[in-house]
Amino acid sequence: PSRLMDEANDRMRLSSGSKKDFYQSVSIVMHGAANFMKRYNRLLLKKAEKEINREKKDNMAEAARICHKLSEQPPETFHEAVQSLWFLFVILHMESNASSFSPGRMDEYLWEFYDNDRKKGILGEQEALEILECLWLKFNEIVYMRNANSAKFFAGFPIGFNIAIGGQDKDGNDFVNDLSFLLLKAQEHLGLPQPNLSVRLHEHTGDEFLKQAIRVVAKGSGMPQFFNDKAVIPAMEELGIVEKDARDYAIVGCVELTTQGNNLGWSDAAMFNLNKVLELTLTGGKCLLTGDQLAPDYGNLTGYETFEDLEAVFKRYLDEYMDKMVLACEEVEKAHIDLLPSPFLSSVISECMIKGMDVTAGGAHYNLSGIQMIQVANLADSMAAIKKLVFEDKKIGKKELLEALQKNFDGQEVMRTMLLNKCPKYGNDVDWVDALGVKWAEYFKKRLGNYTNYRGGRYHTGMYTVSAHVPMGENVGASPDGRRAGEPLADGGMSPVYGRDIAGPTAVLKSVSKLDKNLTTNGGLLNMKFLPEFFQTDQGIDKFAKFLRTFVDLEIPHIQFNVVRKEDLLAAKENPEQYRSLTVRVAGYTAYFTELANELQNEIIARTSYTDL
């Protein structure tokens with residue numbers, strides 16, 4: 001803080017107007033940050049005076065020394081570097097009260113400190129592991145409080161400390177070191193919801209590292225999740241990110257992709273419910289839940305002569321609501337500039353100090369806004385049912401289907417069963433069904449690329465939900481895929497609707513691979529569930545490693561796993577006090593199962609479980 005404060009003061013003397021105000025704000029917060037660290041120094045020294053145990057007393061004295069040093073100088077040892085990292089995130093949360101600040105590639109930027117200390121003989125592996133596990137515990141102390149409505153969209157109160165390990169270095173070579181394995185071991189030992197541990201894979205990831213990551217997944221904490229360099233890096237370059245930054249990517253929050261230290265990505269700018277747009281297309285702009293006229297009447301299902309007529313109206317509604325969404329995003333960005341400047345964050349984001357501009361105003365090198373498309377799987381299933389059963393095979397009448405949707409399938413169980421079972425579903429490697437989802441995802445992405453956000457950066461797309469697939473499903477009436485009104489949508493942005501992926505996990509990969517990697521530069525999410533028994537043998541681990549290498553070859557950006565028995569989840573619902581430590585993968589994050597709402601618990605239980613590949 002002291003050095004950044006000096007830099008801000010020097011720049012302030014040479015500036016005027018808004019730039020001078022910016023540098024003054026940085027100077028003020030850095031003065032506060034330095035004092036904040038010194039307060040911990042004084043507190044620790046006071047506690048050390050009263051401590052009888054010599055080992056604890058020495059530890060307190062050392063921690064006090066580190067706190068004072070970091071207030072004035074950069075870290076030089078591994079312990080100092082980790083403490084500096086924790087101070088960074090504590091102060092960021094104090095400033096912004098925000099979730100999803102990302103520690104990024106810890107095995108990369110902490111490696112030099114770790115390696116130097118090991119070579120000097122001042123740090124052992126166990127001591128380093130203890131320091132990391134203490135950091136893991138601290139990550140779980142911060143809880144982002146939300147109101148009841150917000151908590152539906154971010155169930156389990158995820159805070160989003162996302163650590164990425166492995167992957168490639170800036171030259172494209174495999175990057176794994178001893179610290180990568182140590183970070184895996186910390187997760188294996190503790191199994192806590194935070195941090196959100198992510199492993200980057202590529203074609204040349206070593207077997208030892210890959211299989212160790214799988215063994216940690218098998219423990220059942222839902223971590224690590226996996227990202228695919230072969231998909232992510234070229235997609236980020238297509239977005240306009242230079243190669244060295246793309247190769248050095250990290251993950252924010254759940255699955256959001258980011259460059260390190262030079263980006264304000266506003267990765268959760270909006271979630272766009274594609275299935276509500278389809279509902280308006282079928283009803284002439286009316287809400288199936290309330291009967292309200294939400295949009296202009298361009299016709300309803302009964303009046304469309306062809307499936308292409310329906311698609312044309314769907315496109316028209318899509319365009320209109322995308323325009324409204326971007327206007328809303330601009331207003332939020334304006335409010336951030338006026339009401340929520342972030343000088344501390346700005347001071348550690350590249351180019352803000354050079355420009356004399358707050359990060360909320362566009363001071364970062366990259367200024368992106370990410371929009372989630374919700375949910376392509378349901379959209380593809382509904383579109384496929386309409387195309388085949390209504391327009392092609394004419395097994396269901398247009399009027400009859402619309403009336404059934406309006407009545408939430410009351411008295412129409414035969415029709416609902418037909419919609420569920422007599423038409424293929426996304427996630428089973430059926431090309432024409434998958435193509436319907438791909439078509440509209442690509443249209444959404446292409447059209448979104450025509451906009452520029454308020455900070456002068458690009459909008460881009462993602463496919464993940466956090467836990468929004470549950471409340472967003474509550475706002476969608478009955479749909480042509482056989483889903484009843486208010487039921488959850490698909491659980492992951494790229495995942496099939498739970499229970500409909502009946503052709504096995506490899507078919508899921510094939511379907512998901514048809515979604516171009518450029519559709520998810522803001523992050524894509526694929527959820528899968530396996531039984532614990534699968535991982536109990538070396539043969540099972542080997543098969544799973546081959547499965548993940550196929551995931552890499554197919555250029556799918558992300559995959560994650562729940563390793564849990566349905567019986568355990570049901571038992572946890574009945575006796576939550578006995579299962580308080582049970583963690584599950586919700587969407588792009590892990591949470592305690594018993595803390596989730598009943599609807600979300602039921603959706604997780606209903607997800608397809610695989611016993612083999």
Taking the side chain as everything from C-beta on, heavy atoms only, tell me whether V199 gets closer than 4.5 Å to Q225. no
Which word best sums up how the rings of W111 and Y114 line up, parallel for under 30°, tilted for 30 to 60°, or perpendicular for over 60°? tilted
Given the rule in the side chain to side chain contact (heavy atoms under 4.5 Å, CB included) test, do T461 and T520 qualify, once you have shown the distances and angles that lead to the verdict? CA-CA 6 Å; T461 51; T520 52; over 6 Å; no
Check L184 against I165 and note the closest heavy-atom contact, atom names and distance. CG-CD1, 3.8 Å
I'd like to know if the side chain of N9 pairs up with that of S27 as donor and acceptor (distance under 3.5 Å, no hydrogens or angles considered). yes
Does one side chain, of S198 or N162, offer a donor that lies under 3.5 Å from an acceptor on the other? yes
Distance-only side-chain donor-acceptor flag, Q260 / D248, under 3.5 Å: yes
More than 12 non-hydrogen atoms from neighbouring residues, nucleotides or ligands closer than 6.0 Å to CD on E72, yes or no? yes
Could you walk me through whether D169 and R247 satisfy the salt bridge (Lys or Arg N to Asp or Glu O under 4.0 Å) test, starting with their C-alpha distance in whole Å, then the side-chain angles of each, then the deciding distance to 0.1 Å, before giving a yes or no? CA-CA 6 Å; D169 63 19; R247 283 177 170 170; over 6 Å; no
Interatomic distance, CG@L43 vs CZ@R39, rounded to 0.5 Å, equals 9.0 Å
For the backbone of L201 and the side chain of T205, can you confirm whether one donor and one acceptor N or O come within less than 3.5 Å of each other? no
Can you confirm whether the side chains of N177 and S180 place a donor and an acceptor under 3.5 Å from each other? yes
Going by atom types only, do E333 and W266 share a side-chain donor-acceptor pair under 3.5 Å? no
Taking atom types as modelled, is there a side-chain donor on Q83 or Y40 under 3.5 Å from an acceptor on the other? no
Close side-chain approach of F139 to P193, heavy-atom, < 4.5 Å: no
Less than 4.0 Å between a side-chain N and a carboxylate O, is that true for K445 and E442? no
For the student: nearest non-hydrogen atoms of C254 and F227, plus distance: O-CZ, 4.3 Å
Do the charged groups of E238 and K517 touch, with an N to O distance under 4.0 Å? no
Is the charged tip of R200 near the ring of Y249: under 6.0 Å from the six-membered ring centre and within 45° of its axis? yes
dist L274:CG -> M472:CE (nearest 0.5 Å) comes out at 9.5 Å
For Y23 and M353, indicate whether the former's side chain and the latter's backbone hold a donor-acceptor pair under 3.5 Å. yes
Could you tell me if the side chain of M325 sits less than 4.5 Å from the side chain of Y321, heavy atoms only? no
Whether D107 side chain and G166 backbone form a donor-acceptor pair below 3.5 Å: yes
Does a side-chain heavy-atom distance below 4.5 Å link L278 with L379? yes
Hey, are T521 and H460 close enough side-chain-wise for a donor-acceptor pair under 3.5 Å? yes
Quick one: does any side-chain atom of E80 pair with a main-chain N or O of E76 as donor and acceptor, under 3.5 Å? yes
Side-chain donor/acceptor of E256 to backbone N/O of T258, under 3.5 Å: no
Side chain N262, main chain S350, donor-acceptor under 3.5 Å: no
Can a donor-acceptor pair be found between the side chains of Y451 and D323 at a distance below 3.5 Å? yes
Between D358 and K19 (salt bridge meaning N to carboxylate O under 4.0 Å), is one present in this structure? no
Electrostatic pair R3:E7 at N-O distance under 4.0 angstrom: no
Do Y464 and N527 have side-chain atoms, one donor and one acceptor, less than 3.5 Å apart? no
Under 3.5 Å, is there a donor-acceptor pair between the S369 and N453 side chains? yes
Flag yes if more than 12 heavy atoms outside Y454 fall under 6.0 Å of its OH atom; otherwise flag no. no
Would you check, one step at a time, whether the test side-chain hydrogen bond (donor to acceptor under 3.5 Å, both in side chains) holds for Q372 with D268? CA-CA 7 Å; Q372 275 60 266; D268 230 5; 2.7 Å; yes
Spatial distance of atom CD1 (I354) from atom CZ (R11) [nearest 0.5 Å]: 6.0 Å
N173 side chain to D171 side chain, donor-acceptor N/O pair below 3.5 angstrom: no
Rounded to the nearest 0.5 angstrom, the CE-CD1 distance for M357 and I337 is 9.0 Å
Taking the side chain as every heavy atom from C-beta outward, state whether I163 and N196 have any atom pair closer than 4.5 Å. no
Short side-chain donor-acceptor distance under 3.5 Å, N522 and Y459: no
Under the criterion salt bridge (Lys or Arg N to Asp or Glu O under 4.0 Å), I'd like the reasoning laid out for E330 against K334: C-alpha separation, chi angles, the key distance, then a yes or no. CA-CA 6 Å; E330 288 181 356; K334 291 176 188 176; 5.2 Å; no
Using distance alone, with no hydrogens and no angle criterion, decide if D174 and Q168 have a side-chain donor and acceptor under 3.5 Å apart. no
For the side chain of H558 and the backbone of L526, is there at least one donor-acceptor N/O pair under 3.5 Å apart? yes
Under 6.0 Å between the ring centres of F444 and F272? yes
Within the 4.5 Å heavy-atom criterion, are M106 and L135 side-chain neighbours or not? yes
For I251 versus A164, what's the shortest heavy-atom pair and its separation? CD1-CB, 3.7 Å
Just by distance, no angles: are the side chains of N275 and N378 close enough, under 3.5 Å, to form a donor-acceptor pair? no
Any chance NZ of K355 has more than 12 other-residue heavy atoms, nucleotides or ligands included, within less than 6.0 Å? yes
Close side-chain approach of L192 and Q194, heavy atoms under 4.5 Å: no
S342 versus T360, closest heavy-atom pair with distance: OG-CG2, 4.1 Å
Could you label the plane-to-plane angle of the W440 and F314 rings as parallel, tilted or perpendicular, counting under 30° as parallel and over 60° as perpendicular? perpendicular
Does the ring of Y366 carry R455 above it, NZ/CZ under 6.0 angstrom from centre and within 45° of its axis? no
State whether the side chain of T465 and the backbone N or O of G493 hold a donor-acceptor pair below 3.5 Å, judged by distance alone. no
Over 12 foreign heavy atoms within 6.0 Å of CZ, R65: yes
Check T583 against S221 and note the closest heavy-atom contact, atom names and distance. OG1-CA, 3.4 Å
Taking every non-hydrogen atom, the tightest pair across A490 and A377: CB-CB, 3.9 Å
Is there a donor in the side chain of H469 and an acceptor in the side chain of Q375, or the other way round, less than 3.5 Å apart? no
Centre-to-centre under 6.0 Å for H93 and F101, is that the case here? yes
N/O donor-acceptor pair under 3.5 Å between N41 side chain and M37 backbone: no
Would you say that I371 contacts C329 through its side chain, given a criterion of any heavy-atom pair below 4.5 Å between the two side chains? yes
